[in-house]
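See below for the structure under consideration.
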Amino acid sequence: MAIISHLVSPLPSLAFFQTGNLTGRSSSLPLNPNPQFSKPRLTRERVATLVLRSKGDDSVDASDRIISAVCYFYPFFDGIQYGKFIITQYQPFQILIQPLFPAIKAFKSFPFNGFLIFIALYFVVVRNPNFSRYVRFNTMQAIVLDVLLIFPDLLERSFNPRDGFGLDVVMSLDSTVFLFLLVCLIYGFSACLFGLTPRLPIVADAADRQVL
């Protein structure tokens, strides 16, 4: 019975909790109803660190963005011939490429234009420390992408089928190369305009190794 009476006994009064003492004696440390904690103070060094972290390395000059974006037209112009099948068959590609026809015609007007632009981009831009790494990396990506066009060109020159299954394979290969170049152009160009760093499949690691 003593246990039951202890369980149903009324709860201690609020004054019991305010004293903070189980024996009922008043506490020597009164509770503060509105405690105030000291606010952490930021030193000048801490503020400077936060500002630097907020800026990061993502700020790219407008001139660097434009130069990097324009470089991705180089492999596309150099490999435009791989789109001869898909451009003639699908009108949307004709509409998409039509504004670039004057620049493509000027690029193809001289047989050595591609090689001269390659030399200029590599030695004037990539190997020039006066340009930012952002510009040199994107330029090197465009160069590596253009160098890879040697492989489909060798395959096409080696086989060069006129009809049948071989021609279907060549058409599929050319169309795939053209679509890959078009996607790389759109992705690289738009990313550079926004100050982002595009990393193209296959060529990004090779470009990283060439740019110090």
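Here the structure is a predicted model, which is why all the values come from computation and not from measurement. These numbers come from the heavy atoms of this one structure, side chains and all, not from hydrogens, waters or symmetry mates.
Enclosure of atom CZ in Phe110 by more than 12 non-hydrogen atoms of other residues, nucleotides or ligands within 6.0 angstrom is indicated. Atom CZ of Phe159 has 12 or fewer heavy atoms from other residues, nucleotides or ligands within 6.0 Å.
Ser68 places none of its side-chain heavy atoms less than 4.5 Å from the side chain of Phe189. Counting only heavy atoms from C-beta outward, the side chains of Phe93 and Leu179 approach each other to under 4.5 Å. Annotation: side chain of Tyr82 is in contact with side chain of Pro152 (closest heavy-atom distance under 4.5 Å). In this structure, Leu121 and Val126 have side chains that are not in contact, with every pair of non-hydrogen atoms separated by 4.5 Å or more. Counting only heavy atoms from C-beta outward, the side chains of Ile97 and Ile80 approach each other to under 4.5 Å. Here the side chains of Phe76 and Leu100 are in contact, with some heavy-atom distance below 4.5 Å.
Put simply, NZ on Lys84 and CD on Gln89 are 11.5 Å apart, with the number rounded to the nearest 0.5 Å. Atom CG in Asp174 sits 10.0 Å away from atom CG in Leu155 (nearest 0.5 Å). Atom SG of residue Cys192 and atom CZ of residue Phe137 lie 9.5 Å apart, to the nearest 0.5 angstrom. The CD1 atom of Ile67 sits 11.0 Å away from the CG atom of Asn138 when rounded to the nearest 0.5 Å. Between the SG atom in Cys71 and the CG atom in Leu185 there is a gap of 11.5 Å [rounded to 0.5 Å].
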Open item on the list: Run the salt bridge (charged side-chain N to carboxylate O under 4.0 Å, His left out) test on Arg157 and Asp153 for me, step by step, so that the C-alpha distance in whole Å, both residues' side-chain angles and the decisive distance to 0.1 Å come before the verdict.
Closed with: CA-CA 6 Å; Arg157 291 176 182 273; Asp153 183 64; 2.9 Å; yes

Open item on the list: Checking Phe118 against Tyr74 for the ring pair (Phe, Tyr, Trp, His ring centres under 6.0 Å) test, could you report, in this order, the C-alpha distance in whole Å, the side-chain angles of both residues, the deciding distance, and whether it holds?
Closed with: CA-CA 9 Å; Phe118 169 82; Tyr74 166 56; 7.3 Å; no

- [ ] Quick one: do Glu156 and Leu173 satisfy side chain to side chain contact (heavy atoms under 4.5 Å, CB included)? Show the steps, please.
- [x] CA-CA 9 Å; Glu156 190 171 347; Leu173 176 63; 5.9 Å; no

- [ ] Report the C-alpha distance between Phe178 and Phe85 in whole Å, list the side-chain angles of each, state the deciding distance to 0.1 Å, and finish with yes or no for side chain to side chain contact (heavy atoms under 4.5 Å, CB included).
- [x] CA-CA 10 Å; Phe178 172 76; Phe85 298 111; over 6 Å; no

Open item on the list: Is there a side chain to side chain contact (heavy atoms under 4.5 Å, CB included) between Phe194 and Arg65? Walk through the geometry before answering.
Closed with: CA-CA 8 Å; Phe194 285 102; Arg65 298 184 187 187; 5.6 Å; no

Open item on the list: Between Val144 and Gln210, is the side chain to side chain contact (heavy atoms under 4.5 Å, CB included) condition met? List the steps.
Closed with: CA-CA 10 Å; Val144 175; Gln210 291 295 325; 5.6 Å; no

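Here the shortest heavy-atom pairing between Val211 and Arg136 reads CG1-NH1, 3.5 Å. Of all non-hydrogen atoms in Ala106 and Asn113, the two that sit nearest each other are O-ND2, 3.3 Å. The nearest pair of heavy atoms linking Pro198 to Ala191 is CB-CB, 3.8 Å. Contact record, Lys108 with Phe77: CE-O, 3.2 Å, taken as the closest heavy-atom pair. Of all non-hydrogen atoms in Pro75 and Leu181, the two that sit nearest each other are O-CD1, 4.0 Å. Listed here is the closest heavy atom pair of Leu149 and Asp78: CD1-C, 4.3 Å.
In this structure, Asp61 contributes its side chain and Ser63 its backbone to no donor-acceptor pair below 3.5 Å.
Side-chain contact of Gln141 with Tyr72: a donor-acceptor pair under 3.5 Å is present, judged by distance alone.
Connection of Met140 to Val70 is not established within any shared hydrophobic cluster, with ILVMFWY side chains joined at heavy-atom distances below 4.5 Å, either directly or through further cluster members. Put simply, Ile66 and Tyr187 are part of two different groups of oily side chains (I, L, V, M, F, W, Y) that touch within less than 4.5 Å, one to the next. Tracing side-chain contacts under 4.5 Å through hydrophobic residues (I, L, V, M, F, W, Y), one reaches Ile119 starting from Phe107; they form part of the same cluster.
Not a single ring-ring contact (aromatic ring centres under 6.0 Å, His included) links Phe151 to another residue, sequence neighbours left out.
Taking a cutoff of 4.0 Å between a charged side-chain nitrogen and a carboxylate oxygen, Arg209 and Asp205 do not qualify as a salt bridge. Classification of Arg133 and Asp208 as a salt-bridged pair holds, one side-chain N sitting under 4.0 Å from a carboxylate O.
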